[in-house]
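Sequence lines set the chain letters: A, B, ... in the order given, protein chains first and strands last, and positions in each chain run from 1. No hydrogens, no waters, no symmetry mates; every other heavy atom, side chains included, goes into these values. Source: prediction; values computed, not measured.
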Number of protein chains: 2
Amino acid sequence: MTHTSLILERFVRKMESRCSLSPNDREAVLALPVMQRTYQPNTYIIREGELLQRHCAFIISGFAIRQKLTNVGARQIVSMHLPGDLLDLQHLYLNYADHNVQALTLMEAAEIGRPALRRLVLRNPRVATAMWIDALVDSSISREWLLNVGQRDARGRIAHLLCEFAARMTAAGMASDSGYELPMTQEQIGDAVGLTAVHVNRTIKALKAENLITRDKRHLHFHDIEGIRAIAGFSSLYLHLDQITTDPEDRPGDERGA
Amino acid sequence: MTHTSLILERFVRKMESRCSLSPNDREAVLALPVMQRTYQPNTYIIREGELLQRHCAFIISGFAIRQKLTNVGARQIVSMHLPGDLLDLQHLYLNYADHNVQALTLMEAAEIGRPALRRLVLRNPRVATAMWIDALVDSSISREWLLNVGQRDARGRIAHLLCEFAARMTAAGMASDSGYELPMTQEQIGDAVGLTAVHVNRTIKALKAENLITRDKRHLHFHDIEGIRAIAGFSSLYLHLDQITTDPEDRPGDERGA
DNA sequence: CGCCTATTTGAATCATTTCAAGCTAAGTGG
DNA sequence: CCACTTAGCTTGAAATGATTCAAATAGGCG
């Protein structure tokens, strides 16, 4: 329903949060051909092993995940995406998909053809830089998840997931100071942090019992966010929330701290 | 000791394995100012949180790892790099380092300034594409590690690490068909797969007892690589070993299977 | 109301960690 | 050349965190 130009405005704002654009760049982005599409919960958007000829999706509303399966069918969610995220930059220059992309909730996306997106990157270096940064931040999050799953115990892992969400939802303007809507079942949380649903349940129960959080349906409420942060050992550095590049050339002397 | 032009030749070959270059591109790469440098084992090359103004390193010889630490000091190795790998593409457009980079063994690197590298990317789209692909493959490996650590048991995790190495070392021409030099201690293997050194020891012992591998000092020998692959559930798809882009514009019709 | 999905709980089992100690091989300095 | 040191590997026994299996409960929806 949303008008195409509104969607692309939003896309421009996203890019501009990463690298300052010229009027030319903005125009080029706004001229992108997009196709709006709705995905039902759990629909596969891309499947591992598939030849990639399709499009990249920009999330308008709803949530998506990326995941991988082992040969015995165990699922690891490797990332989670909110409205305003560009899905699939991770596949932009690859021939075959190396992971699955799935709608988590009902989701609306604006799909941009790969050739159009690549051409945009080729002709507009500042847009390219913005997209590159976006892909790098995405990778940074994967590394933090690897640290989370590899080195923290159940409490730490879950607390960390909750903190990351809080930070990202806040940045997207989708959280109140008290909490946010966490659109995941306990089983999905388990698949994201490498635990069974049963153990996620017990761990969350413990966090509730200690009066750190409450969960009412899908709404997550923090009673003691500092306590949760301490359990998680959370620092938002890896999200690069304030990362913005003004000069793709990185001329010495232009270097600025955030 | 190695002559600069030889190093850059190697760099060109690396890029060309990802995207076909024009004579112009080749020249531009070969004109890159490089500084050769030696790192002692365990030296930090980049520290998390540090302002990035320095350079990217191309590994000439030796091995490097990238790692992160939790607030309580647990270490997760998030990737491992061999000669011919470009370190730190993951930081090319970021202001602050989000992970540590460390020499694993004695290591020689050719360091290329960030401004020079960014300028190269800006002026040479095919080189940019090659580097983008390199960064994407790196991210793909992180995701597979996340799956490994999150969903496989100790045997599977270690077997998978060994398989990945076998594939990468073979691609780099550093493995014989019987095995390769694995330059990691059991503790480092543990940090890479999220296990304690003690348990790594016991698990490797079990693999030896089943006549799947032997380890003589740092040399790893496969007796039954198919058996190891089965335990790991290994498929090399995620390494994108045959990924090569011929057309950065991705014009429809040029799309080709590997 | 009945169905389905998600959550909750208990009890038994299992994989992995922890702590502690001993061992081996290689390197260093006297 | 030997004694000393150190880093890495090996092993055992006990403790613990997480899984598994199974069953009960709760909530949303047609």
Side-chain angles (χ1 to χ4, degrees), chain A residues 40-42 63 65 70 72-77 103-106 148-161 181-209 213-221 231, chain B residues 40-43 63 65 70 72-77 102-106 148-161 181-209 213-221 231:
Chain A
Q40 294 302 311
N42 300 317
F63 294 82
I65 56 165
T70 64
V72 297
R75 176 172 83 156
Q76 177 67 44
I77 295 178
L104 182 64
T105 62
L106 181 66
N148 200 34
V149 171
Q151 304 296 331
R152 285 192 261 259
D153 63 8
R155 280 163 66 84
R157 289 187 211 181
I158 291 171
H160 195 278
L161 185 80
E181 296 297 309
L182 177 65
M184 295 173 93
T185 65
Q186 293 182 350
E187 182 163 20
Q188 289 161 345
I189 294 174
D191 285 348
V193 298
L195 295 170
T196 55
V198 172
H199 200 56
V200 169
N201 183 282
R202 293 197 236 267
T203 307
I204 288 180
K205 182 184 163 193
L207 294 176
K208 283 180 190 160
I213 59 170
T214 44
R215 203 172 179 203
D216 178 18
K217 288 182 35 107
R218 285 287 126 97
H219 189 82
L220 185 89
H221 183 91
I231 289 167
Chain B
Q40 293 301 311
N42 300 316
T43 315
F63 294 82
I65 56 165
T70 65
V72 295
R75 176 172 83 157
Q76 177 68 43
I77 295 178
Q102 218 178 349
L104 182 65
T105 61
L106 181 66
N148 200 34
V149 171
Q151 304 297 332
R152 284 192 262 259
D153 65 6
R155 282 163 64 84
R157 290 187 211 181
I158 291 172
H160 195 278
L161 184 81
E181 296 297 309
L182 177 65
M184 298 174 92
T185 64
Q186 294 184 346
E187 182 163 20
Q188 289 161 344
I189 294 173
D191 286 349
V193 297
L195 296 169
T196 55
V198 171
H199 200 57
V200 169
N201 183 283
R202 292 197 237 265
T203 308
I204 289 181
K205 182 182 161 192
L207 294 176
K208 282 179 191 162
I213 58 169
T214 45
R215 202 173 180 204
D216 177 18
K217 289 182 40 103
R218 286 285 127 98
H219 189 83
L220 185 89
H221 183 92
I231 290 168

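Using a 4.0 Å heavy-atom cutoff across all strands shown, B/G194 reaches sugar-phosphate atoms only and no base atom.
In this structure, CG of B/N201 is placed 16 Å from C1' of D/dA13, rounded to the nearest angstrom. Distance B/L104 CG to D/dG8 P: 11 Å, rounded to the nearest Å. When rounded to the nearest whole Å, the span between CD of A/Q186 and P of D/dA18 equals 16 Å.
For DNA chain C, none of the residues of residues 150-160 of chain A falls under the heavy-atom distance limit of 4.0 Å.
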Could you give me the CA-CA distance, side-chain angles and deciding distance for B/M184 and B/V200, then say whether side-chain contact (heavy atoms from CB on, under 4.5 Å) is met? CA-CA 12 Å; B/M184 298 174 92; B/V200 169; over 6 Å; no
Kindly indicate, with the supporting measurements, whether the criterion side-chain contact (heavy atoms from CB on, under 4.5 Å) is fulfilled by A/L161 and A/L182. CA-CA 10 Å; A/L161 185 80; A/L182 177 65; 5.6 Å; no
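Under the salt bridge (Lys or Arg N to Asp or Glu O under 4.0 Å) criterion, no residue pair touches residues 194-209 of chain A, with sequence neighbours excluded.
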Sort me out a list of protein N/O and nucleotides 20-29 of chain D N/O pairs below 3.5 Å, or just none if empty.
unit_1, atom_1, unit_2, atom_2, d
D/dT20, O4, A/R202, NH2, 2.8

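For A/H221, the ring-ring contact (aromatic ring centres under 6.0 Å, His included) test picks out A/H223, with sequence neighbours left out.
A 4.0 Å heavy-atom criterion places the boundary nucleotides of DNA chain C facing chain A at C/dA6 to C/dA11, written 5' to 3'.
End-to-end axis angle for the helix from C/dC1-D/dG30 to C/dA21-D/dT10, using five pairs per end and rounding to 10°, comes out at 40°.
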